[in-house]
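Read the structure below first, then the notes.
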Amino acid sequence: MSYFIPAGNEPVSRQRRDADHMPFPKGDLGFMRRYEKEQLLEMIKGLYALYGKSMVKLREEDYEAALAGLSHCQETAIRIGQRIEAAEGAGTAAVGYLEQYCESLYQVSRGQAEKPAKGMEQCPEEILRRAEKELKDWPVKKEIVFLPYKASMWDSLESIWRAAAEDPGWDAYVVPIPYYDRNCDGTWGEMHYEGKNYPGYVPITLYDKYDIRFRHPDVIFIHNPYDGGNSVTSVPPEYYSSHLKGNTDLLCYVPYFITMGGIGKHMCLLSACLHADKIFLESERVKAIYVKSFTEVRAGLGEYIKGKAEVLGSPKIDKIFHLGQYGGGREGIPQEKKIILFNSSISGLLKNPEGWLKKLHRVVRIFQAQQEAALWWRPHPLLEATINAIQPGLYEKYREIVLEFTESNMGIYDDSIDMYRAIAVSDAYYGDRSSVVQLYGLTGKPILLEDILEEAVLPKGAISEDGMTEEKIYEVNGKDNVKIHEFLLYERDVPLRSFLSFVSAGPGGGRYEERKRKQAQCYENSMVCNKGHTGERIFEYVKNCRREG
């Protein structure tokens with residue numbers, strides 16, 4: 001735009017802006033977004049009303065009020081033009097019409113409305129309608145932003161981001177946000193920012209460079225459900241779901257974990273579930289638990305959750321169907337040794353801290369004596385922070401076990417953000433019950449859980465022909481009588497050493513592969529799987545929501 005606004009109530013000015021000294025502010029979008037377009041159209045709507053009031057004041061010979069109104073019209077038109085140029089660049093027809101509009105306002109303010117200047121055949125309102133039509137006809141891009149906090153949990157959002165990034169009608173931003181440790185007294189401790197830990201192919205936008213309130217993205221995705229309700233960590237309050245909800249048209253929550261058909265009530269009754277517009281879940285069974293949990297809190301609340309919970313699967317599963325991209329990765333472990341993925345979760349620590357610690361020590365000692373298998377130890381990403389927050393007295397003992405393990409060169413201590421390399425490279429799983437088990441089950445590889453699991457939650461079975469008795473059959477995703485002969489050894493009475501001997505023996509012909517296939521199929525049947533395309537399905541759903549909105 002090219003007019004100054006005069007101070008006070010002088011006649012509307014015709015002075016031109018010197019572009020060399022007062023450049024137009026340029027945005028970083030490079031396009032007109034829907035939200036911004038709607039704002040500008042609202043500003044134009046306001047111009048019609050303000051101009052009409054100014055004309056009334058002019059006819060009433062209240063010249064001071066009339067000139068003030070016309071100046072305000074011109075000032076607003078200039079702001080609209082600046083924002084158009086910041087988004088679309090100079091030379092657009094809409095900006096041209098807005099310049100004519102300002103010239104027309106000047107003519108009116110000088111009492112020359114009945115004698116239009118050369119090229120000014122229309123009154124201001126007619127010119128403004130042309131600018132408005134140009135703006136309405138512009139195609140817009142929608143904006144979607146992903147706000148992960150832990151880089152190791154990025155897998156719960158990545159495949160949705162990939163689908164969005166490939167869509168020419170959307171701009172997708174990945175904005176990792178900081179988080180704080182919680183001290184024992186609940187106060188905030190050390191701040192962490194993991195923006196540098198994401199894969200190189202993910203373009204990162206700095207959180208202090210992305211103003212959510214100003215940008216008002218069409219869609220926001222989060223995987224942190226706690227807001228201020230986590231005793232271990234917390235993101236800053238401006239990133240709580242309760243605040244984000246007012247800065248987007250669609251707030252979406254995707255759990256950073258998956259289950260095997262069961263989920264604790266406490267993990268359902270989280271802040272993000274109340275504030276998010278959409279919750280994406282892995283199975284109908286899990287959805288039913290969410291609904292029941294909220295129904296028990298208050299009548300009618302369950303129906304509210306039911307209306308926004310969509311069973312489209314978990315994006316975490318997508319990466320399991322692309323494990324072939326991982327090559328090598330044994331990191332010095334001899335080829336003849338089997339690799340056992342050992343997963344230590346937070347749940348065992350919370351249930352029995354001392355017993356959990358003893359179990360870690362016992363596992364490390366067993367593998368020190370093993371010649372045929374190596375341990376790939378992968379702790380939960382928040383494990384150390386949790387120990388510090390709730391059992392600080394155990395932290396040094398835990399670190400002593402870790403040091404004993406790493407110095408013995410018996411395997412790999414893996415605290416990297418990518419757990420899928422460990423899943424791809426390892427030959428079997430041992431450890432705590434966690435969402436990693438569900439992912440691992442899809443590979444068909446042997447699994448041994450040490451903890452006793454609840455009935456009617458996880459599939460159970462054993463390998464009877466190898467001397468391990470088959471256990472009771474439990475329902476899978478609501479389907480009972482599912483007989484499972486795969487490598488599922490969910491009992492404490494199956495010794496770890498026996499399991500290691502079984503894994504070391506390796507495949508026993510075609511039957512091994514058939515049983516492996518059946519196990520993978522069993523896990524696929526326990527949830528919506530989509531064969532690696534869950535992210536695409538979720539993004540397509542979101543696109544349809546915005547199209548309807």
Side-chain angles (χ1 to χ4, degrees), residues 144-166 170-180 191-207 209-210 212 217 219-226 230 232-236 239 241 244 251-258 272 276 279-282 312-323 325-326 329 343 345-346 378-385 414-424 434-436 438-440 442 530 532-539 542:
I144 183 171
V145 61
F146 298 85
L147 300 177
Y149 77 115
K150 287 288 293 181
S152 57
M153 298 173 180
W154 168 238
D155 60 337
S156 61
L157 300 175
E158 181 174 302
S159 61
I160 309 173
W161 162 76
R162 283 183 179 274
E166 293 173 359
W170 289 71
D171 260 15
Y173 292 84
V174 179
V175 185
I177 58 178
Y179 66 95
Y180 294 84
M191 188 192 87
H192 303 273
Y193 173 70
E194 300 186 2
K196 295 182 179 180
N197 297 339
Y198 287 74
Y201 54 78
V202 179
I204 297 301
T205 299
L206 296 177
Y207 67 93
K209 302 297 183 184
Y210 189 95
I212 293 178
V219 181
I220 293 177
F221 268 91
I222 59 173
H223 65 190
N224 183 335
Y226 302 105
N230 190 342
V232 178
T233 61
S234 176
V235 299
Y239 295 110
S241 61
L244 294 175
L251 179 62
C252 300
Y253 164 55
V254 179
Y256 64 82
F257 55 88
I258 58 175
I279 307 168
F280 295 102
L281 301 175
E282 69 200 67
L312 296 179
S314 170
K316 294 172 70 72
I317 297 169
D318 290 347
K319 297 195 78 167
I320 292 295
F321 289 88
H322 300 94
L323 289 179
Q325 65 180 307
Y326 293 100
N343 176 50
S345 71
I346 292 176
R378 185 171 177 83
H380 187 283
L382 293 175
L383 183 59
E384 290 200 13
D414 179 11
D415 58 358
S416 68
I417 66 168
D418 188 356
M419 69 176 172
Y420 293 93
R421 178 175 298 280
I423 293 176
S434 77
S435 62
V436 181
Q438 181 77 314
L439 297 172
Y440 207 88
L442 291 168
N530 300 314
H533 298 285
T534 298
E536 297 168 27
R537 284 197 63 193
I538 292 177
F539 178 62
V542 166

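These values consider heavy atoms only, across backbone and side chains, with no hydrogens, waters or symmetry-generated copies.
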Nearest-0.5 Å distance, CG of residue L206 to CD1 of residue I177: 13.5 Å
D415 side, atom CG; R378 side, atom CZ - distance, nearest 0.5 Å: 8.0 Å
Pairwise distance OG(S314) to CG(L439) - rounded to 0.5 angstrom: 7.0 Å
Reported CD-to-CD1 distance for the pair E282 and I258, which is rounded to 0.5 angstrom: 5.5 Å
Heavy-atom closest contact (G313 atom, I538 atom, distance): O-CD1, 3.9 Å
Test of ring centre spacing under 6.0 Å for Y193 and Y207: yes
Sequence-distant partners of D318, salt bridge (Lys or Arg N to Asp or Glu O under 4.0 Å), two or more places apart: none
Residue pair N197 / I417: nearest heavy atoms and the distance that separates them: O-CD1, 2.5 Å
CG on N343 to OH on Y440, rounded to 0.5 Å: 11.0 Å
Donor-acceptor contact present, side-chain H223 to main-chain F257, <3.5 Å: no
Ring pair (Phe, Tyr, Trp, His ring centres under 6.0 Å) partner of F146, the single match among Y253, W170, F221, Y210: F221
Closest non-hydrogen atom pair, P236 against P178: CD-O, 3.2 Å
Can you list, pair by pair, the side-chain donor-acceptor contacts under 3.5 Å of residues 198-205, counting residues two or more places apart and other chains?
residue : atom : partner : partner atom : Å
Y201    : OH   : E158    : OE1          : 3.2
Y201    : OH   : E158    : OE2          : 3.0

Residue pair Y239 / L244: nearest heavy atoms and the distance that separates them: O-CD1, 3.4 Å
Identified side-chain contact (heavy atoms from CB on, under 4.5 Å) partner of I160 from the options V219, T534, V254: V254
Any donor-acceptor N/O pair, D171 side chain to Y173 backbone, under 3.5 Å: no
Side chains of I212 and V145 in contact at under 4.5 Å (non-hydrogen atoms): no
Any residue meeting side-chain contact (heavy atoms from CB on, under 4.5 Å) with D155, in chain and number order, not counting sequence neighbours: K316, K319, M419, Y420
Nearest non-hydrogen partners of I423 and L323, listed with the distance: CG2-CD1, 3.9 Å
Within-4.5 Å side-chain heavy-atom neighbours: L382 and M153: yes
Minimum heavy-atom distance between P315 and S159, given as atom pair plus value: CB-OG, 3.3 Å
Expected output: side-chain E194 to main-chain A151 donor-acceptor under 3.5 Å: yes
Interatomic spacing from CG in N224 to CG in L147 - rounded to 0.5 Å: 10.0 Å
